[in-house]
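Notes for the one structure printed next.
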Amino acid sequence: MKMTTTYTIASVADHQNGDALGVAMTSLLTNTTQPERLVFCIVDGGLSLKDKCYLEQLAQHFDTTLRLIPDEWDFYSERYWADLEHYRHISRAASYRLLLPYLMGEDVDRLLYLDSDTLIRTDITTLWEEPLGDRAVAVAEPRPDAERASALGLPRAHGALDPGLVMINVLQWKARYLSTSLSTHMTTHGSTFADSLHTLTYSDQWWWHPRWNTTTDLFTQPLPAHAYGDRVVEALKDPASVHFNGPVKPWHAYCPHPYKYEYTYYRHQWLSRVTLSSPV
């Protein structure tokens, strides 16, 4: 792979997850050896003034680049989706996820999508070393789930995909018109972004080790009795990324997640690097 001068990381956030995004960015930046080469592109879906101020201070502390993309949905929809009225059931946040490849600079060939309720525990830039080739996306290996695979019409080994961390090959994404295809699939089948992405790209995904998206269900579900189970054990011993998917989050008092206290640690690290008083 040619040398990449910057690493683009994208997310979508509003006032409800601005705090979580700050923690996710803090964990990622703390564990990255070259934070000055990172570019965070955050779609501002309704961040408060305080949220934006805190994120900017965090970026300054680590000497990294932060780009806040304004919520200009009418402009984006007219530019990219002339027939947007057919997709009105898709949430604004999900729609922005579909458009992320078009909201980056022309020089961005890969972007890493990051959910805000995630901890990054190692150097994320190693993911750019993976040889995607002409694959459109890279994701953590899906959890085998025969019932789920059957419902989606997929092979048994392609059961359940969690898109908390997704590398997008921008050129291939655009060449295959995946934004439009995903929107149409989500509308036609009433499916989630995760299920539609998995259905349309399952035969064309680069798979990372499960440790790159250690989801909550991996801690709670029985281990499969085959090789994937061994990889889950490795992931649970040393997760590179912890995704707190599901309704119970680490900021809930009753959350039983084993990485709840590590989340609290990074939250304290984040707050120690920003001005605690509300900006004027």
Side-chain angles (χ1 to χ4, degrees), residues 1 4 7-12 20-21 23-35 37-40 97 100 109-133 135-145 148 157-170 172-173 193-195 197-198 201-221 223-224 226-246 249-250 257-260 262-263 266:
M1 176 184 170
T4 305
Y7 304 104
T8 301
I9 301 167
S11 193
V12 181
L21 179 61
V23 179
M25 288 175 58
T26 300
S27 66
L28 189 155
L29 289 163
T30 300
N31 293 296
T32 300
T33 57
Q34 302 180 73
R37 295 178 65 185
L38 300 181
V39 178
F40 285 91
R97 284 212 284 184
L100 282 175
D109 56 356
R110 291 191 190 185
L111 71 90
L112 182 70
Y113 171 79
L114 172 73
D115 260 0
S116 58
D117 54 349
T118 303
L119 282 183
I120 303 298
R121 307 181 67 250
T122 191
D123 192 338
I124 200 74
T125 63
T126 60
L127 292 179
W128 272 262
E129 299 172 6
E130 300 286 345
L132 286 186
R135 296 177 177 87
V137 297
V139 292
E141 182 178 357
R143 175 170 50 85
D145 184 332
R148 191 76 192 136
H158 299 258
L161 172 72
D162 178 87
L165 203 65
V166 181
M167 182 74 79
I168 295 176
N169 184 335
V170 173
Q172 291 297 325
W173 183 284
F193 172 79
D195 284 347
L197 179 67
H198 198 25
T201 66
Y202 78 91
S203 62
D204 189 34
Q205 298 169 353
W206 180 265
W207 286 357
W208 300 320
H209 191 284
R211 70 187 294 265
W212 279 107
N213 194 19
T214 311
T215 54
T216 300
D217 54 280
L218 294 185
F219 291 94
T220 59
Q221 297 295 320
L223 287 173
H226 46 69
Y228 180 75
D230 295 334
R231 290 190 288 278
V232 170
V233 171
E234 294 169 355
L236 297 181
K237 286 181 178 178
D238 184 26
S241 170
V242 178
H243 185 201
F244 299 97
N245 63 324
K249 304 298 184 182
H257 199 289
Y259 282 88
K260 171 182 179 176
E262 187 165 319
Y263 181 92
Y266 282 110

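With hydrogens and angles disregarded, a donor-acceptor distance shorter than 3.5 Å links the side chain of Lys249 to the backbone of Phe244. Remark: side-chain polar atoms of Thr214 are not paired, donor with acceptor, to backbone N or O of Pro239 under 3.5 angstrom. Looking only at distances, no side-chain donor or acceptor of Asn245 sits under 3.5 Å from a matching main-chain atom of Gly164.
By the 4.5 Å heavy-atom criterion applied to side chains, Val137 and Met167 are not counted as neighbours. Between Leu38 and Phe40, some side-chain heavy-atom pair lies under the 4.5 Å cut-off. Using a 4.5 Å heavy-atom cutoff, the side chains of Tyr7 and Leu127 are not in contact. In this structure the side chain of Thr122 reaches within 4.5 angstrom of the side chain of Trp212, judged on heavy atoms. Put simply, the side chain of Val233 reaches to within 4.5 Å of the side chain of Leu223, judged on heavy atoms. When side chains are defined from C-beta on, Pro163 does not count as touching Tyr113, because their heavy atoms never get closer than 4.5 Å. With contacts defined as side-chain heavy-atom distances shorter than 4.5 Å, the pair Gln172/Arg135 does not qualify. Proximity of Pro258 to Phe219: side-chain heavy atoms (C-beta onward) are separated by under 4.5 Å at one or more points.
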Start with the C-alpha distance between Leu161 and Gln205, add both sets of side-chain angles, then the distance that settles side chain to side chain contact (heavy atoms under 4.5 Å, CB included), and finish with yes or no. CA-CA 11 Å; Leu161 172 72; Gln205 298 169 353; 4.3 Å; yes
Starting from the C-alpha separation in whole Å, work towards a yes-or-no answer on side chain to side chain contact (heavy atoms under 4.5 Å, CB included) for Thr216 and His257. CA-CA 7 Å; Thr216 300; His257 199 289; 3.6 Å; yes
Go through Thr125 and Thr32 one step at a time and tell me if the side chain to side chain contact (heavy atoms under 4.5 Å, CB included) criterion holds. CA-CA 7 Å; Thr125 63; Thr32 300; 4.0 Å; yes
Side chain to side chain contact (heavy atoms under 4.5 Å, CB included) for Leu132 and Arg110? Distances and angles first, verdict last. CA-CA 10 Å; Leu132 286 186; Arg110 291 191 190 185; 3.7 Å; yes
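Rounding to the nearest 0.5 Å places CD1 of Ile124 at 12.0 Å from OG1 of Thr33. Atom NE2 of His243 is separated from atom CG of Asp162 by 5.0 Å, given to the nearest 0.5 angstrom. One finds the CG atom of Leu112 at 8.0 Å from the CG atom of Leu28 (value rounded to the nearest 0.5 Å). Atom CE of Met25 sits about 13.0 Å away from atom OG1 of Thr118, to the nearest 0.5 Å. Rounded to the nearest 0.5 angstrom, Leu119 CG and Ser27 OG are separated by 5.0 Å. To the nearest 0.5 Å, atom CD1 of residue Ile120 and atom OG of residue Ser241 are 3.5 Å apart.
Counting non-hydrogen atoms of other residues, nucleotides and ligands closer than 6.0 Å to CZ of Arg148 gives a total of 12 or fewer.
The minimum heavy-atom distance between Ala235 and His209, with the atom names listed, is N-CE1, 4.0 Å. Across every non-hydrogen atom of Asn213 and Ala140, the tightest pair is CB-CB, 3.5 Å. Across all non-hydrogen atoms, the minimal contact from Ala24 to Leu114 is CB-CD2, 4.3 Å. Residues Trp207 and Pro142 share a closest heavy-atom pair of CE2-CD, 3.2 Å. Considering every non-hydrogen atom in both Ala20 and Tyr263, the closest pair reads CA-OH, 3.5 Å.
Between Arg231 and Glu141 a salt bridge is recorded (basic side-chain N to carboxylate O distance below 4.0 Å).
Take Trp208 and apply the side chain to side chain donor-acceptor pair (under 3.5 Å) test, not counting sequence neighbours, and it matches no residue. Partners of Tyr266 by ring-ring contact (aromatic ring centres under 6.0 Å, His included), not counting sequence neighbours: none found. Taking Asp217 as the reference, Arg143 meet the salt bridge (charged side-chain N to carboxylate O under 4.0 Å, His left out) condition, with sequence neighbours excluded.
Between the side chains of Glu130 and Trp128, no donor-acceptor pair of N or O atoms lies under 3.5 Å. Side-chain N/O atoms of Asn31 and Asp123 include no donor and acceptor closer than 3.5 Å.
Each of Val23, Thr30, Leu29 was evaluated against Thr26; a single residue qualifies, Thr30, per the side chain to side chain contact (heavy atoms under 4.5 Å, CB included) test.
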